[in-house]
Structure formats: C-alpha cells, structure tokens
Amino acid sequence: MHVESHGPSRRSVLKGGLTVAAMGAAQAWAPSAAAGSRGPYIPYSSNSFFRSRVAGAPVDQTATTAFRRFMHSHPDQRAWPHPRINGLDGNEWGTAWALGLWRHPVWRLTGNVPSEVAVLRTEGFRAPEWFGDLLTGTSDSPFVVLDRPNRRSLWANDAKLVGERTISVGAAGAFSHDSNGLDKRNPRSTSSFNFRSRGAIPDAMAIRRGLVRRGVSTGASLGHVLHLFLCETNSAAGFCHPMVGAEGDKNGWGAEGQRIAIAPSVDLTRRGLSPGGLVIARTLQQYGCYIGDNSGSSSALKAQQATRQRDPWQGLLRRDSLAGITWDDFVVLPKGWQ
C-alpha cells in the first residue's frame, strides 16, 4: 500500500441533458469555452477522461452533503476550508515535472520498475540535463515527465539520483499519448501499454506553469482534469473509473476515482482570486478533479515543484491561491461518469 504524504500528520460521475425540474437531484453545468487549441501541449485523445468536461453533468446530492460534512469534521482537514496547492512557497510535496524534447539527453530508471513499463529501464526517456536537480528527496519524491519524442508521460516516486542520468525509484508507470489516457486494466482504455499504480493518470498529478500562464493570458483553464490527494478515502467504497484500484485500511470518505467539481453556480470572479488562482478554480469548475490518492495530511492538489535552484512560478501561483474557494463550493458527481 502506498500513501502519497504531503508532510507530518497525525496519521504519518456524469450524464448531461437534465432539465431544471430535475435539479432537486442533479444540478446542470452550462457549457463553457474550451482551452485554446494552440500553446502548451496537452496529451491524450480529445475523448479522454483527462480532457473531459463536466458541462451538463448531474450531481449526487446525497454524496455532496456527506462530502461537505466530512471535510468540515476530519481532523486533518478542519483547519483548511479550501484546497491547498503543494510544491509552492517552500513546500516540497509537489510533483517534480519536466518536458522532454529531442535535444535533451536520455535518462533511465532503476530500482522497482514494474515489468509493464520496463522500457523506462531499458530505452529510457528524454528529460533536460538539469532534471535530477528537481528531485526533492522527501519520503515520496514523485516526478512526472512529459516525454514528447517517445510520446508518453511517465511517473515515478521515491526518486533518487544514483548515477549519471540514472534515477532509482520505488514505483513507476507510463501512459502513451496515442491513447485515451486510461490504464490498460480499465475496460474503457484504448491502450495495451498504459500502466500506473491503481490507474492514476500521470499528467493529472502536476499543475504546469505553462498551462497556468496560458490560462492567465487567455482567460482559459488548464484544459484537463486534476488529481486530488484527499485527506482520507474510504476503502470500503472501493474505486471507480478512471481508477482501477484503491488503498486499504482507510476510513474516510469516497471511492478512489470519485470526481468532484466546483458548482456551476459559483461566480469565481467574486472570490478575490489571483489571476493564477482563477485559472485553477476555472479548471475545477469546468473539468473538476478526481480522488487519486490519500494525502496523509490535509487535502491538496500538486503543482510543478519549485526548488531553491529552479522556481518556475515566481509568484504566479501560491500554495493558498485557492483560499477564496471552500469545500462547500464543491459538488460530487456520480461514480464513474465521463
């Protein structure tokens, strides 16, 4: 069992076309403008879960009420009424992220590399020369690389630089960009390659600076679903699409894969958000996020990791950029909806 920790702790969905009359049981989203087609690359097919919107989606009102009550009462969550963004302002629990291009050298993984993605050990992946400097050395030390030449995104954790362009990892996975971005064990997947622990989508695990900058300049969102690290899931609830597994021994709320979103009735422009924070809030309203891991502390999203050597953000996004949003602004979508 793997827990994505964010720091010290006491413990270490949808179907459109509903009418207004049906909103007692389900609230409908209004369609909104798509993220621009030009700019930073976003992987996977247009019909992927990763790029799917929540416009016209129904809401599970019973689950929404239970979720809000849970977020008010959980001991690790009570002090934080809003989603936090890790990896910023000196916090080292974000996701080291890099874009790999043909001009970059080849890196390889060693350690616990599953046979399903042994190519990461043998063929390797492209990443900048300075990529090893991003690794935080925390107990999780995760990273995501968007490897354009090999047309795949890879994830690993417990990453440590152990040699020239060689990284030892505790777990690893990879998804092909020429797919609908689902783990091959998911019945809806179009890939025979994609594999990652419990099916989490690598690219949903890092908020990218380039996409935030694009969103600020164009009034758009990130253009994709985000991965939420919840304070504690409920193992008895199991998992649902897009996930293919769940952690055990958890007694919180929700199934892994459960999707939540900021309600369409929330006017984000009246919440005092910074330009960068507004991009993330628009993303959570237009695309939502799904529960992908237990945090080990308060619930959070993860940003592209800022380090002392490399800070891509320079104040564009802060750890509490979503302080104008509360968990009561979120609604829960039916399990498995896309």
Side-chain angles (χ1 to χ4, degrees), residues 2-7 40-44 50 83-100 107 109 117 120 125 127-128 130-147 152-161 167-175 181 196-213 222-230 243 276 279-280 283-284 287 289-313 316-319 321-322:
H2 170 64
V3 177
E4 298 267 1
S5 298
H6 295 158
Y41 172 73
I42 299 178
Y44 312 123
F50 181 65
R84 306 197 82 194
I85 305 174
N86 286 342
L88 305 167
D89 300 333
N91 176 276
E92 296 185 329
W93 302 88
T95 299
W97 184 90
L99 173 66
W107 293 70
L109 299 185
V117 291
L120 302 178
F125 58 95
W130 43 259
F131 177 62
D133 296 337
L134 296 180
L135 304 180
T136 60
T138 64
S139 58
D140 281 342
S141 191
F143 73 78
V144 169
V145 173
L146 199 162
D147 181 1
R152 56 180 173 246
S153 291
L154 57 136
W155 166 93
N157 81 326
D158 194 20
K160 301 178 181 65
L161 189 65
I167 298 174
S168 174
V169 299
F175 278 20
R196 218 231 80 169
S197 173
R198 305 192 313 281
I201 304 166
D203 302 88
M205 302 175 74
I207 296 171
R208 293 163 49 188
R209 172 184 176 271
L211 294 177
V212 175
R213 285 179 58 87
L222 297 177
H224 65 78
V225 176
L226 287 170
H227 178 119
L228 176 66
F229 296 77
L230 191 70
M243 300 287 281
V279 173
I280 308 306
T283 301
L284 293 171
Y287 293 85
C289 58
Y290 72 92
I291 300 170
D293 279 281
N294 283 266
S295 72
S297 60
S298 60
S299 304
L301 306 168
K302 288 193 176 186
Q304 183 178 337
Q305 180 68 52
T307 67
R308 293 186 183 90
Q309 295 82 9
R310 290 184 175 272
D311 181 2
W313 297 102
L316 176 64
L317 200 64
R318 311 307 293 258
R319 195 175 183 202
S321 286
L322 293 175

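Residue numbers count from 1 along this sequence. Remember, predicted model here, so these are calculated numbers, not experimental data.
Within the 3.5 Å criterion, the main-chain N or O of Trp93 finds a donor-acceptor partner in the side chain of Asn91. In this structure, Trp107 contributes its side chain and Ala127 its backbone to a donor-acceptor pair below 3.5 Å. Using modelled atom types, no side-chain atom of Asp158 and backbone atom of Asp140 make a donor-acceptor pair closer than 3.5 Å. The backbone N or O of Trp97 sits nowhere less than 3.5 Å from a side-chain atom of Thr95 that would complete a donor-acceptor pair. Here the side chain of Thr283 pairs a donor or acceptor atom with the backbone of Val279 at under 3.5 angstrom. Of the possible donor and acceptor atoms, none in the side chain of Ser141 sits under 3.5 Å from a partner among the backbone N and O of Thr138.
Arg209 contributes atom CZ, which lies 7.0 Å from atom CG of Leu316 (distance to the nearest 0.5 angstrom). To the nearest 0.5 Å, the span separating CG on Leu317 from CD1 on Ile85 amounts to 4.0 Å. Rounding to the nearest 0.5 Å gives a distance of 5.0 Å between CD1 of Ile291 and CG of Leu230.
Here the closest heavy-atom approach between residue Glu92 and residue Arg308 is recorded as OE2-NH1, 4.3 Å. For the residue pair Ala204 and Val225, the shortest heavy atom distance occurs at CB-O, 3.6 Å. Between Gly276 and Val212 the shortest heavy-atom distance is CA-CG1, 4.1 Å.
Here the side chains of Gln304 and Arg310 are not in contact, with every heavy-atom distance at 4.5 Å or above. Tyr41 places a side-chain heavy atom less than 4.5 Å from the side chain of Leu146. By the 4.5 Å heavy-atom criterion applied to side chains, Leu301 and Ile207 are counted as neighbours.
Qualifying side-chain contact (heavy atoms from CB on, under 4.5 Å) partners for Ala306, counting only residues two or more places apart in sequence or in other chains: Asp311, Pro312, Trp313.
Between Phe131 and Phe143, the ring centre distance stays below 6.0 Å. Taking the six-membered ring for Trp and the full ring otherwise, the centers of Tyr287 and His224 sit at least 6.0 Å from each other.
Within a 6.0 Å radius of CZ in Arg213, other residues, nucleotides and ligands contribute 12 heavy atoms or fewer.
Of the N and O atoms on the side chains of Ser153 and Asp203, at least one donor lies less than 3.5 Å from an acceptor on the other residue.
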